[in-house]
Amino acid sequence: MNMKAPRGTQDLLPGTTEKWQYVEAKFKDLCNRFNYSEIRTPIFEHTELFQRGVGDTTDIVQKEMYTFTDRGDRSLTLRPEGTASVVRAFVENKLFGLPSQPTKLFYFGPMFRYERPQQGRMRQFVQFGIEALGSADPAIDAEVISLAMSGYQELGLRSLKLVINSLGDSESRTNHRNALISHFEPHKEELCGDCQLRLEKNPLRILDCKKDSNHPAMETAPSILEYLNDESKLYFEAVKIHLDQMGIAYVVDKNLVRGLDYYNHTAFEIMSEAEGFGAITTLSGGGRYNGLVEDLGGPETPGIGFALSVERLLMALEAEGIELPLNNKLDCYFVALGEKASSEAVRLTYELRKAGIQVDKDYQDKKFKAQFKSADRLNAKYVLVLGDDEIENKIVNVKDMNSGEQEEVAFEQLVSYLQEVLRGGK
RNA sequence: GCGAUCGUGGCGAAGUGGUUAACGCACCGGAUUGUGGUUCCGGCACGCGUGGGUUCAAGUCCCACCGGUCGCCCCA
């Protein structure tokens with residue numbers, strides 16, 4: 001029997017989960033400040049949602065989905081990304097009808113893609129993402145980008161690179177697409193196999209190809225920026241002006257292409273330039289997707305969002321040597337000697353816990369000295385010593401592990417005493 | 001899906017065909033009876049990813065599978 005976690009999945013254990021909680025709390029706080037509310041959607045959806053939403057020609061849909069048939073003969077798929085589900089929920093629950101628009105949502109949760117695992121790429125991974133639905137104001141594009149950047153920066157990341165581009169509206173994209181096809185068509189035989197396919201399916205992606213990046217035709221390829229119509233051009237300019245005013249640095253990369261079909265206008269990626277980060281440098285990506293809500297059966301509604309990988313975020317923190325300010329101390333540890341004292345310690349431990357104090361005790365019948373060792377290992381701030389003498393006098397010997405000083409405290413005073421010292425000291 | 005590389009106790013790591021699988025960390029116990037983080041002593045793999053095969057003999061050689069890592073593709 002194979003008792004290992006499936007390929008591309010991992011257990012997050014104590015010592016690590018604290019970091020996840022910290023990061024999650026940071027982004028939840030950030031969303032609160034930016035006024036984004038949490039949405040929780042199912043982890044699986046009808047397969048069709050992703051085929052329509054993400055796009056039939058994308059790699060994600062073509063070869064990376066965890067699709068299965070349930071007992072009711074429905075084709076379901078473990079979500080490979082978050083936007084399609086959020087938009088579906090937006091439409092289904094008619095959130096467009098709520099008085100406060102745009103609808104600003106965030107989510108946190110596992111995504112699933114069948115890929116060859118490697119550092120920073122798991123088959124199950126966790127994304128944090130936000131979506132703003134119902135506004136076509138360039139300021140909200142800047143807001144989304146600023147939220148992403150703030151999150152990373154507040155966690156301490158410095159080696160960040162924000163890359164932006166505009167994919168234009170559908171008119172601009174069609175014109176650009178035609179231009180690309182006629183540009184690369186004469187060179188078709190010189191391109192790699194993948195690119196020959198891309199020429200028909202999605203010529204935009206040729207610009208992304210690493211194999212053909214040195215081909216002379218790449219240099220002269222028509223840029224989407226040249227094909228933006230006036231409206232798209234103005235929109236992109238407005239986004240950049242907002243970013244400038246906010247003091248958010250960026251570089252424009254005309255070859256930045258996103259892998260999902262629904263994007264248009266603003267597209268962006270945030271990358272880490274930290275040393276030793278490996279081949280995968282993208283921390284997060286996002287963009288505008290006007291038209292997606294309609295595609296999924298809703299009213300005409302513009303939208304923009306982004307998603308980041310928590311795994312990659314933690315990798316970036318590690319690469320930059322950033323320690324999160326985690327609290328790894330235990331308030332109190334009970335050390336009891338003898339049967340009577342052990343029994344009394346059980347009772348007192350419960351009393352303290354009910355009073356809101358963090359306490360633990362030995363459950364392995366360890367020797368006195370070993371109990372102290374446990375307390376030390378758990379970083380206990382105070383050790384509560386209970387033996388025959390103390391039982392006799394109804395007191396507890398409270399030892400401050402930092403200073404080494406001890407104080408005798410009566411049973412009835414214990415709660416208030418500990419509350420006092422824990423509030424005062426660290 | 002393709003290429004490369006690796007897989008020994010809780011962790012790190014020796015072992016390069018042949019007696020009881022080094023060593024370090026961690027852990028457990030002890031160094032005269034109730035006070036931790038130091039030191040000293042002792043204990044701790046019936047097993048070398050899994051399954052086959054070669055051999056008198058395999059952790060050590062061969063094959064398959066599983067898994068990790070790195071790169072490609074793609075992406076978060």
Side-chain angles (χ1 to χ4, degrees), chain A residues 1-10 13 15 54 57-64 79-83 109-129 148 192-195 197-198 202 205 208-212 256-260 268-272 276-287 305-316 333-338 341 364-391 397-406:
Chain A
M1 186 172 181
N2 186 354
M3 295 301 280
K4 288 179 184 159
R7 188 157 207 206
T9 68
Q10 62 179 339
L13 306 174
V54 178
T57 64
T58 59
D59 277 10
I60 290 180
V61 170
Q62 287 202 324
K63 50 185 206 193
E64 294 177 3
R79 63 182 183 193
E81 58 100 51
T83 302
M111 305 295 163
F112 306 84
R113 293 184 199 173
Y114 190 87
E115 290 191 277
R116 186 76 178 265
Q118 66 186 65
Q119 178 89 151
R121 197 178 64 192
M122 303 291 285
R123 288 182 175 181
Q124 176 177 336
F125 60 101
V126 174
Q127 281 191 342
F128 160 77
C192 74
D194 284 339
C195 282
L197 290 172
R198 288 179 183 130
N202 197 345
R205 302 278 282 285
D208 233 9
C209 182
K210 295 189 176 66
K211 279 186 207 142
D212 289 332
L256 174 67
V257 174
R258 311 250 52 246
L260 288 67
F268 69 97
E269 269 183 28
I270 299 170
M271 308 197 262
S272 171
F277 201 62
I280 288 171
T281 56
T282 303
L283 295 176
S284 56
F306 96 102
L308 66 82
S309 144
V310 179
E311 287 85 354
R312 289 185 188 179
L313 166 56
L314 291 170
M315 278 169 56
Y333 193 85
F334 242 112
V335 168
L337 188 71
Q364 294 191 304
D365 202 25
K366 288 193 184 174
K367 301 282 185 332
F368 189 80
K369 190 171 178 142
Q371 291 188 43
F372 253 95
K373 246 184 151 171
S374 301
D376 198 51
R377 223 178 292 118
L378 291 166
N379 281 315
K381 295 175 199 164
Y382 294 93
V383 166
L384 315 176
V385 181
L386 196 62
D388 291 341
D389 295 350
E390 286 83 1
I391 293 280
N397 224 320
V398 180
K399 177 168 182 174
D400 181 329
M401 292 296 273
N402 201 23
S403 67
E405 287 165 19
Q406 287 191 79

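It should be emphasised that the depicted structure is a prediction, and the values quoted were computed from it without experimental measurement.
- With sequence neighbours excluded, no residue forms a side-chain hydrogen bond (donor to acceptor under 3.5 Å, both in side chains) with A:Ser272.
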Short N/O separations, protein against nucleotides 8-10 of chain B, under 3.5 angstrom:
none

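- Within the 4.0 angstrom heavy-atom criterion, only backbone atoms of the sugar-phosphate kind lie near A:Arg7; the bases stay farther away.
- Among the atoms of the strands shown, base atoms are found under 4.0 Å from some heavy atom of A:Glu115.
- Across all strands shown, B:C70 pairs with B:G3; the Watson-Crick or G-U wobble distances both stay below 3.5 Å.
- Judged by distance alone with a 3.5 Å cut-off, a donor-acceptor contact links the side chain of A:Arg312 to the base of B:C75.
- Sorted by first then second residue, the salt bridge (Lys or Arg N to Asp or Glu O under 4.0 Å) pairs that include residues 109-124 of chain A, not counting sequence neighbours, are A:Glu115-A:Arg121.
- Under the Watson-Crick or G-U wobble criterion, with both distances below 3.5 Å, B:G49 is paired with B:C65.
- One finds no side-chain N or O of A:Gln406 lying less than 4.0 angstrom from the OP1 or OP2 phosphate oxygen of B:U35.
- Residues passing the side-chain contact (heavy atoms from CB on, under 4.5 Å) test with A:Lys373 are A:Arg377, sequence neighbours excluded.
- Annotation: salt bridge (charged side-chain N to carboxylate O under 4.0 Å, His left out) contacts of A:Lys63 (sequence neighbours excluded): A:Asp59.
- For B:U60, there is no paired base (Watson-Crick or G-U wobble, both distances below 3.5 Å).
- The base of B:C27 does not come close enough to the side chain of A:Arg377 for any donor and acceptor atom to sit less than 3.5 Å apart.
- Under 3.5 Å, the side chain of A:Gln371 and the base of B:G34 form no donor-acceptor pair of N or O atoms.
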Could you run down the sub-3.5 Å N/O contacts of the protein with nucleotides 37-44 of chain B?
residue	atom	partner	partner atom	Å
B:G37	O4'	A:Asp376	OD2	3.0

